[in-house]
Amino acid sequence: MSEFQSVRGFHDLFGEDLKKFRHVSNLIREKLKLYNFEEIVIPVLEYLEVFQRSIGEATDIVQKEMFAFQDRKGRWIALRPEGTAGVVRAYVQNRLYALKPYAKLFYEGPMFRHERPQAGRYRQFHQIGAEVFGPLDPLVDAEMIQLVYEILSELNIKATIEVNSIGCKSCRPAYREALSLYLNALERRLCEVCLDRKGRNPLRVLDCKVPTCKEAVKDAPKMLDFLCKECGEHHFKLKEYLNTLSIPYRENPNLVRGLDYYTKTVFEAVSADMNITLIAGGRYDYLVEEMGGPPTPAVGFAVGLERLSMLFKEHVREEPLYMVVPFGDVLDYALFIAKVLRSEGKRVELSYRRGSLKKQLELANRLGVRYAVLVGEEEKAGGFYTLKDMETGEQLRVEFSPSL
RNA sequence: GAGAGCGUAGCUCAGCUGGCAGAGCAGUGGACUGUGGAUCCACGGGUCGCGGGUUCGACUCCCGUCGCUCUCCCCA
């Protein structure tokens with residue numbers, strides 16, 4: 001073991017893993033551009049209040065998972081545990097609502113949560129997130145879910161999309177009340193954590209994984225039965241749109257998110273192979289206003305890049321690699337050939353090893369070279385190079401104009 | 001926050017009820033200075049995670065510690 005080690009939960013990303021990561025990231029970014037999202041780059045650090053206000057003081061993320069510390073003037077700063085809070089802060093601070101009738105933004109970058117690392121979970125991990133500010137139309141919710149669906153299909157990752165509505169300011173209180181009553185009645189059957197959650201945020205009891213809780217909650221009142229007219233219609237139309245788009249989804253009345261800002265639509269894409277959420281999001285119609293902006297409904301989602309990369313099993317194809325193999329006193333000519341090939345847009349490695357052609361071809365093989373460009377005395381004298389296809393073994397004499 | 005497993009060569013791992021530290025792959029060199037991918041030969045490489053204890057003797061047993069992995073919780 002080396003003397004110095006990266007911080008627990010913080011990993012180096014390179015090689016094949018990185019190739020996959022970039023592939024996944026690029027695919028999502030391209031997809032977002034097709035839907036006309038514009039990128040926003042926001043800081044990794046925010047004042048702690050930004051997260052406390054938006055994510056919610058009582059949430060696990062804020063209570064125990066943040067990397068927070070004081071700066072030299074004693075102000076509390078935190079590494080962002082998610083992206084929405086910062087985007088909303090930026091949206092309000094820069095008055096982006098004044099630029100266009102609505103805004104579609106996406107971000108990408110590292111997030112930090114002080115959790116116990118495990119498969120697909122790191123203390124520094126990466127998300128791409130998308131947010132739409134302005135429209136209240138369920139069409140937008142549907143499009144967000146469509147995006148999620150297309151991302152997963154194109155990466156060939158099997159997942160179930162779950163959808164629910166958790167209501168709004170006018171209908172959720174009544175439901176909360178009803179749920180509390182119900183939970184109080186069966187207190188003894190709940191796990192310890194849920195007994196605690198029951199008072200603070202009874203909705204979270206619904207997605208507790210403890211079997212007895214699951215059982216206890218089976219006949220609990222459903223939010224869907226309490227939705228006000230507006231929320232009910234919103235939810236109904238969303239499902240209609242999803243059907244129109246032929247997007248398979250599962251309605252999960254117990255789907256609740258761990259962040260406080262959600263309203264109406266919430267959704268999650270859960271891996272079919274592992275018990276982890278890959279992409280999650282929902283509507284948050286009050287958050288912009290709570291952060292000091294004008295009343296602005298919004299929807300968003302976030303993609304866990306490591307999680308998707310981990311489940312992405314296909315081989316990432318690369319540009320074929322050329323290696324210029326000089327042998328004999330021809331280094332000047334080899335440099336020249338490499339320059340020519342690169343000017344043609346090819347990915348070129350100039351062999352850094354001297355020695356027999358045999359040795360060099362061995363090296364080329366080890367480096368995964370697709371085409372060896374053989375350059376010897378003959379080639380130099382004749383003004384050509386010999387192109388060897390390392391897969392088929394075929395060789396080709398290539399002349400080129402000496403105009404360069 | 002709760003629980004389990006694992007730390008031996010660059011990598012994957014073997015090493016029994018304590019007794020000289022091992023293999024495969026990778027690396028380097030070589031009959032071969034114009035032809036590679038599983039031909040052959042040789043070579044290098046180790047604080048057995050770290051600290052303590054038991055013992056004549058510890059990679060092996062015990063305690064502690066650090067790290068990694070995994071499960072639950074939570075979450076992307």
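Protein chains get the first letters and strands the later ones, always in sequence-line order, with residue 1 at the start of each. Note that these values count all heavy atoms, side chains included, but never hydrogens, waters or copies made by symmetry.
- E362(A) places its CD atom 15 Å from the P atom of C25(B), with the value rounded to the nearest Å.
- Looking at heavy-atom distances under 4.0 Å, Y122(A) makes contact with a base.
- Comparing G49(B) with A58(B), their P atoms are spaced 15 Å from each other, to the whole Å.
- Note on E394(A): nothing from the nucleic acid sits closer than 4.0 angstrom, heavy atoms only.
- Looking at heavy-atom distances under 4.0 Å, E391(A) makes contact with a base.
- I276(A) places its CD1 atom 16 Å from the C1' atom of C73(B), with the value rounded to the nearest Å.
- C59(B) and C20(B) have their C1' atoms separated by 13 Å, given to the nearest Å.
- Here the CD-CZ distance, from E46(A) to R53(A), works out to 13.5 Å after rounding to the nearest 0.5 Å.
- Within the 4.0 angstrom heavy-atom criterion, base atoms lie near G393(A).
- For I61(A), taking side-chain heavy atoms from C-beta onward, the closest of the listed nucleotides U35(B), G34(B), C75(B) is C75(B).
- Judged by distance alone, with hydrogens and angles left aside, R307(A) brings a side-chain donor or acceptor within reach of the base of C75(B), the pair sitting under 3.5 Å.
- The phosphate of C70(B) (OP1 or OP2) has no side-chain N or O of R116(A) nearer than 4.0 angstrom.
- Taken to the nearest 0.5 Å, the CD atom of E349(A) stands 6.5 Å off from the CG atom of L321(A).
- With RNA chain B read from its 5' end, the first of the two nearest nucleotides for S356(A) and T392(A) is the one closest to S356(A).
- With both ends at atom P, the span from G64(B) to G5(B) equals 14 Å, rounded to whole Å.
- Distance check on atom C1': A9(B) versus C62(B) gives 28 Å, rounded to whole Å.
- With respect to the salt-bridge test (charged N to carboxylate O, under 4.0 angstrom), the residues K158(A) and D273(A) do not qualify.
- Straight-line distance between the P atoms of G44(B) and G29(B): roughly 15 Å, to the nearest whole Å.
- Pairing for U39(B) is absent, with no Watson-Crick or G-U wobble pair whose two atom distances lie under 3.5 Å.
- With a cut-off of 3.5 Å on both pairing distances, the Watson-Crick or G-U wobble partner of G7(B) is C66(B).
- For K388(A) and E394(A), the salt-bridge test fails: no basic side-chain N is under 4.0 Å from an acidic carboxylate O.
- Note on L363(A): nothing from the nucleic acid sits closer than 4.0 angstrom, heavy atoms only.
- Between the side chains of H235(A) and E240(A), no donor N or O sits under 3.5 Å from an acceptor N or O.
- Note on A119(A): only backbone sugar-phosphate atoms sit closer than 4.0 angstrom, heavy atoms only; bases stay farther off.
- Residue-level contact check: E268(A) touches neither bases nor backbone, having no heavy atom under 4.0 Å from any strand.
- A2(B) is paired with U71(B) under the criterion used here, namely a Watson-Crick or G-U wobble arrangement in which both key atom distances are under 3.5 Å.
- Comparing the P positions of C75(B) and U60(B) gives a spacing of 43 Å, expressed to the nearest Å.
- In this structure, E306(A) reaches neither bases nor backbone, as no heavy-atom distance under 4.0 Å exists between it and the strands shown.
- Summarising the geometry, the separation between CD1 on I55(A) and C1' on C75(B) is reported as 12 Å, rounded to the nearest angstrom.
- Map E82(A) and V369(A) each onto its nearest nucleotide of RNA chain B; the residue landing nearer the 5' end is V369(A).
- At whole-Å resolution of the value, CZ in R123(A) and P in G1(B) are 9 Å apart.
- Nucleotide C56(B) forms a pair with G19(B), judged by Watson-Crick or G-U wobble geometry with both contacts under 3.5 Å.
- Rounded to whole Å, the distance from CE on M66(A) to P on C74(B) is 18 Å.
- R8(A) has no side-chain polar atom (N or O) that falls below the 4.0 Å cut-off from OP1 or OP2 of G67(B).
- For the OP1/OP2 pair of U28(B) and a distance below 4.0 Å, the side-chain nitrogens and oxygens of R353(A) include at least one atom meeting the criterion.
- Counting non-hydrogen atoms under 4.0 angstrom, H11(A) reaches the backbone sugars and phosphates but no base.
- For the C1' atoms, the distance from G15(B) to G7(B) is 15 Å, rounded to whole Å.
- Per the geometry, CD belonging to E16(A) stands 18 Å off P belonging to C11(B), to the nearest Å.
- Closest approach to the N365(A) side chain among U35(B), G37(B), C74(B) is made by G37(B) (side chain taken as heavy atoms from C-beta onward).
- Set against C74(B), G27(B), G34(B), the side chain of R366(A) has G27(B) as its closest nucleotide.
- When rounded to the nearest whole Å, the span between CG of D389(A) and P of U35(B) equals 18 Å.
- Applying the 4.0 Å criterion to OP1 and OP2 of U69(B), one finds that Q118(A) has every side-chain N and O outside that range.
- Among the atoms of the strands shown, base atoms are found under 4.0 Å from some heavy atom of L357(A).
- Across the C1' atoms, C43(B) and A26(B) are found 14 Å apart, a figure rounded to whole Å.
- Closest to the R113(A) side chain, of the nucleotides G36(B), C75(B), G34(B), is C75(B).
- Candidate nucleotides U71(B), A26(B), U35(B) were compared by shortest atom distance to the side chain of K358(A), and U35(B) ranks first.
- Rounding to the nearest 0.5 angstrom, the gap separating the CD1 atom in I55(A) from the CE atom in M66(A) is 6.0 Å.
- Within 4.0 Å (heavy atoms only), G328(A) reaches no atom of the nucleic acid at all.
- The distance between atom CD of E378(A) and atom P of U33(B), rounded to the nearest whole Å, is 17 Å.
- Taking every heavy atom of both residues into account, L155(A) and F312(A) meet most closely at O-CD1, 3.3 Å.
- For G34(B), the base has no donor-acceptor partner in the side chain of Q360(A) [N/O atoms by modelled type, under 3.5 angstrom].
- Side-chain N/O atoms of N275(A) include one lying less than 4.0 angstrom from OP1 or OP2 on C72(B).
- Salt bridge E16(A)/K19(A): present, at least one basic N to carboxylate O contact under 4.0 Å.
- For K339(A) and E344(A), the salt-bridge test fails: no basic side-chain N is under 4.0 Å from an acidic carboxylate O.
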